[in-house]
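Note that these values count all heavy atoms, side chains included, but never hydrogens, waters or copies made by symmetry. Residue numbering restarts at 1 for every chain, and letters A, B, ... go by the order of the sequence lines. Quick caveat, the model's predicted, so the values are computed rather than measured.
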Amino acid sequence: MSLAELESLAYKLCNLSQLRQLHARLLINLSLHRHTQCQWVSLLISQCTRLRAPPSYTRIIFHSTPRPNIHVFTSMFKYYSNSNFNLGGVDQVASLYRQMQQRSDLTIGTFVYPVLIKSAASAGIQFHAHVLKLGLASDHYVRNAIMAFYAKYGPVEHARYLFAEMHDSTLADWNNMIFGYWKWGNKDDACKLFDMMPERNVVTWTSMVTGYARTKDLKNARRYFDQIPQKNVVSWNAMLSAYAQNGCPEDALRLFDDMMNSGDQPNETTWAIVISSCSSCGDCSLADSLVQKLNQKQIHLSYFSKTALLDMYAKRGSLQTARQIFDELGAYRNTITWNAMISAYTRVGDLASARELFDRMPQKDVVSWNSMVSGYAQNGQSALALDLFKDMINAADGLKPDEVTMVSVISACGHLGALDIGNWVISIVRKHHIRLSVSGYNSLIFLYSKCGSMEDAKMTFQEMKTRDVVSYNTLIAGFAAHGHGMEAVKLLLKMKGEFIEPDRVTYIGILSACSHAGLLEEGWKVFESIKAPDVDHYACVVDLLGRAGKLDEAKEIIDSMLKEPHAGVYGSLLNASRIHKRIDLGEFAASKLFELEPHNSGNYILLSNIYSSAGRWDDVVRVRESMRRIGVKKATGWSWVEYKGKMHKFIVGDRSHEQSEDIYRLLAELGRKMRNAGYMADKTCVLRDVEEEEKEEMVGTHSEKLAVCFALLVTDAEAVIRVVKNLRVCWDCHTAIKMISKLEGRKIILRDNNRFHCFSDGVCSCGDYW
DNA sequence: CTAGGGTTAG
């Protein structure tokens with residue numbers, strides 16, 4: 001076979017296995033002259049670039065010639081500079097470059113340098129200096145490549161100098177500069193250059209479209225797009241992705257229809273954008289019709305768009321189909337494919353499958369780690385998220401966490417109430433100079449609010465230059481948990497002043513802030529101002545009225561609801577009935593709740609507490625028996641205290657903590673003191689015929705007491721301790737801790753799921769609704 | 001040997 005024959009054959013290849021067959025034929029031909037062999041190999045490598053073969057396979061081809069010549073090296077550099085295999089690319093290009101330098105028999109002609117410079121971006125090799133030293137900078141192509149390099153990878157100022165020195169700048173150079181200015185956020189210079197240009201082509205216009213899309217200015221992006229005289233696939237794709245990446249997938253799909261009518265044929269890139277737009281629309285029928293269209297047209301998607309397809313199926317919950325695509329991709333899988341599959345699993349909460357893939361994947365990038373860390377964080381596994389984060393920064397591959405990592409980790413700390421660990425995480429943010437965006441700041445507000453540092457939360461909020469509705473909602477929820485009702489209401493006014501539209505979450509925050517702070521009037525006014533209140537808002541307003549003692553009004557609200565009330569609504573009524581000892585309404589709410597969620601132990605406990613506070617012990621026993629009959633188990637409660645960066649966990653009856661002996665001694669001593677002070681420890685003692693463990697089940701576990709005792713032991717220098725719990729603070733513990741605060745003269749801050757209880761001198765100052 | 005568009009994570 002001649003080179004010409006091979007060439008025509010190579011360009012007809014359309015997938016990897018055909019390439020493989022061709023390569024096999026080449027390998028059989030051992031009698032080839034080295035020069036010819038190199039020609040063949042470099043041809044195959046350029047086909048790898050075209051077909052986007054995985055790096056592992058391309059390297060096999062590269063190594064199949066014992067002494068590659070300069071053309072083989074050049075095609076290899078081109079492969080790296082055109083591929084998206086960023087991972088490992090840095091080292092690969094650098095080692096390829098070193099290999100090439102060590103070969104004294106190679107003459108590196110100037111034609112190699114533009115390619116080298118392009119691929120050097122990821123390798124971080126200082127080519128400019130090198131090229132100057134070699135005296136190659138006067139070469140037209142070399143100089144232009146360097147300029148394009150600086151435009152693309154910065155500093156863009158260097159590109160500007162080179163551009164200014166040029167006397168023979170071509171349209172391509174102008175386009176490179178425009179691209180560079182946009183890329184580095186220099187909108188004004190980009191526009192100035194655009195207006196000054198002697199001539200423009202479709203590339204120039206397309207750069208303007210993507211430039212405006214980067215600044216989220218879709219209006220101008222579209223304005224320039226509409227002015228493009230002769231659109232091509234790339235310009236359509238640019239506008240499509242402008243819509244897709246700025247949260248307007250519907251517009252992208254509309255534009256795609258226009259494109260189909262225009263006669264321009266979509267390509268791989270188009271399919272990738274369109275498929276991902278379909279998946280972010282969440283419109284299954286749309287996705288189905290797209291798949292149908294692809295099948296009709298007999299379009300064979302590349303691995304690149306198949307990843308988008310995989311993600312589309314995953315997002316609509318068809319995990320099996322997604323996995324099938326993943327399995328079929330086989331050798332074509334890259335890091336992004338793995339990442340997409342991992343997040344498909346974490347999205348449905350299948351952390352085990354996600355972790356299995358994560359451990360198995362050949363190469364991880366920062367997105368892989370982020371997917372797994374956030375997977376744990378979003379499925380309530382904050383501690384595991386933190387552990388994995390520690391693995392990440394200790395890992396040998398030297399991956400730096402980025403803002404996405406930090407958002408997940410900071411909010412995991414928030415969920416744990418772990419301020420010490422949170423501060424350590426913040427120190428890592430500073431160490432790596434990670435710039436925080438709005439969501440980064442939002443996670444900080446969340447962390448501080450959850451840990452009771454409202455001053456820091458407020459300060460973080462004030463530091464922000466731009467805030468979104470989540471920033472407000474997070475801070476409002478923080479104030480709500482602390483019983484700072486007025487501050488929350490003030491924030492509602494402030495956000496309206498900043499033209500940020502409150503959403504349903506905002507109103508939930510405001511209403512619960514009002515009810516925790518007893519701001520009946522303000523809360524009611526807010527409720528009436530909600531245009532379309534949903535069931536959650538009703539639950540809040542029932543809570544608001546209920547806590548204020550207006551139970552009959554609360555019941556009327558429930559009766560007037562257009563939609564069917566959910567458990568939260570009746571839960572609020574039940575809780576209010578317990579506070580105000582309204583057995584009739586409590587029984588009513590409980591009966592509804594037993595229908596809606598028969599296995600939620602909390603409802604039984606609340607009802608039995610209502611009976612016990614009225615001394616109706618027969619009814620307490622009756623509720624307990626019905627619990628046993630239905631098989632409802634009270635969830636094992638645990639409390640934890642963060643101390644010196646470590647979480648100390650306590651469960652009733654579990655003495656595995658190393659300071660258990662001291663803790664139980666202190667507990668006994670406090671019990672004695674409390675009895676001497678005339679406080680009847682707890683009412684479970686009335687249930688004489690009940691086993692100890694069952695008493696715990698009935699009235700709530702007392703792990704908080706253990707946690708508080710531990711905290712009292714270790715934090716003697718501090719006035720404030722934090723106890724975090726994943727269950728509601730029960731009445732008994734609340735009373736006990738009030739006593740502790742008085743007897744010990746300590747201020748104690750106790751946090752349960754969503755609010756803070758601040759105890760000092762025998763009273764609970766915020767949210768004291770017991 | 002020239003420039004513009006793409007899939008995954010919060």
Side-chain angles (χ1 to χ4, degrees), chain A residues 52 74 78 84 109-118 139-142 144-145 147-148 151-152 169-180 182-183 200-211 213 228 231-242 244-245 266-277 279 301-312 314-315 334-344 346-347 354 365-375 377-378 385 402-412 436-440 442-443 470:
Chain A
R52 301 190 180 278
T74 310
K78 263 195 227 167
N84 284 295
T110 57
F111 71 95
V112 187
Y113 278 89
V115 180
L116 258 176
I117 288 158
K118 212 179 147 196
D139 183 274
H140 184 88
Y141 291 118
V142 172
N144 284 8
M147 198 206 83
K152 229 179 207 168
S169 48
T170 63
L171 181 53
D173 300 319
W174 285 77
N175 285 342
N176 275 326
M177 278 316 292
I178 296 223
F179 174 87
W182 275 119
K183 161 116 198 209
R200 303 175 185 120
N201 65 4
V202 61
V203 179
T204 327
W205 287 98
T206 310
S207 290
M208 294 304 281
V209 172
T210 13
I228 302 180
K231 297 180 184 63
N232 63 14
V233 211
V234 182
S235 27
W236 282 103
N237 290 345
M239 195 62 227
L240 284 171
S241 84
Q245 307 217 314
N267 65 4
E268 276 299 327
T269 306
T270 321
W271 294 123
I273 303 170
V274 170
I275 293 170
S276 82
S277 294
S279 65
L301 293 178
S302 76
Y303 82 95
F304 204 101
S305 314
K306 276 202 179 144
T307 304
L309 198 67
L310 184 161
D311 183 59
M312 187 181 85
K315 280 194 177 134
N334 65 5
T335 309
I336 297 185
T337 326
W338 285 87
N339 292 347
M341 198 64 229
I342 289 173
S343 57
T346 59
R347 210 175 285 129
D365 65 2
V366 70
V367 178
S368 324
W369 287 94
N370 290 350
S371 308
M372 203 60 232
V373 169
S374 73
Q378 288 180 352
D402 67 2
E403 203 223 344
V404 178
T405 328
M406 301 331 271
V407 169
S408 304
V409 176
I410 292 171
S411 70
L436 293 184
S437 69
V438 176
S439 24
N442 290 349
S443 67
V470 180

- Does a side chain donor of either A/N176 or A/N144 reach within less than 3.5 Å of an acceptor in the other side chain?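 Looking only at side-chain atoms, A/N144 and A/N176 do not form any donor-acceptor pair under 3.5 Å.
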- Message: Would you say A/N339 and A/N370 are linked by a side-chain donor-acceptor pair, where the criterion is simply a distance under 3.5 Å?
- Response: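 Their side chains do not contain a donor-acceptor pair, so the 3.5 Å distance test is not met.
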Please report the distance, rounded to the nearest Å, between [atom1] in [X] and [atom2] in [N].
X      : N     : atom1 : atom2 : answer
A/L240 : B/dG6 : CG    : P     : 11 Å
A/F179 : B/dA3 : CZ    : P     : 11 Å
A/N237 : B/dT7 : CG    : P     : 11 Å
A/K152 : B/dT2 : NZ    : P     : 12 Å
A/N339 : B/dT8 : CG    : P     : 11 Å
A/N232 : B/dG6 : CG    : P     : 14 Å
A/D173 : B/dC1 : CG    : C1'   : 13 Å
A/M239 : B/dG5 : CE    : C1'   : 12 Å

Short side-chain N/O contact from [X] to OP1 or OP2 of [N], under 4.0 Å:
X      : N     : value
A/Q245 : B/dT7 : yes
A/R347 : B/dT8 : no
A/K306 : B/dT8 : no
A/S241 : B/dG6 : yes

Among [options], which is the nearest nucleotide to the side chain of [X]?
X      : options              : result
A/A340 : B/dG5, B/dT8, B/dA9  : B/dT8
A/S439 : B/dG10, B/dG6, B/dT2 : B/dG10
A/V233 : B/dA3, B/dA9, B/dG5  : B/dG5
A/A172 : B/dG4, B/dG10, B/dA3 : B/dA3

- Query: For the residue pair A/L171 and A/R200, what are the closest heavy atoms and their distance?
  - Reply: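 Minimum heavy-atom contact is CD1-CA, 4.3 Å.
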- Ignoring hydrogens and angles, answer whether the base of B/dA3 and the side-chain atoms of A/N201 contain a donor-acceptor pair closer than 3.5 Å.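 Pair found.
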- Message: With hydrogens left out and only the distance checked, is there a donor-acceptor pair under 3.5 Å joining A/N176's side chain and the base of B/dA3?
- Response: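 Donor-acceptor pair under 3.5 Å: no.
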Give [X] one of three labels, base, sugar-phosphate or nothing, depending on what nucleic acid heavy atoms sit under 4.0 Å from its own.
X      : answer
A/T307 : base
A/V202 : base
A/N267 : base
A/T170 : nothing
A/Q378 : sugar-phosphate
A/D311 : sugar-phosphate

- Message: Could you work out, with side chain to side chain contact (heavy atoms under 4.5 Å, CB included) as the rule, every residue matching A/A385, not counting sequence neighbours?
- Response: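 A/V373, A/Y376, A/A377, A/A412.
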- Does A/S439 have any side chain to side chain contact (heavy atoms under 4.5 Å, CB included) partners at least two apart in sequence or in another chain, and if so, which?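 Applying side chain to side chain contact (heavy atoms under 4.5 Å, CB included) to A/S439 gives A/E403, A/S437.
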- Message: Let me confirm one number: the OG1-CG distance from A/T206 to A/N175, rounded to the nearest 0.5 Å.
- Response: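 Going from OG1 on A/T206 over to CG on A/N175, the span is 9.0 Å.
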- Task: Would you check if A/F304 stacks with the base of B/dG6, given a 5.5 Å centroid limit and a 30° plane limit, both strict?
- Result: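 A/F304 ring centre within cut-off of B/dG6 base, planes near parallel; stacks.
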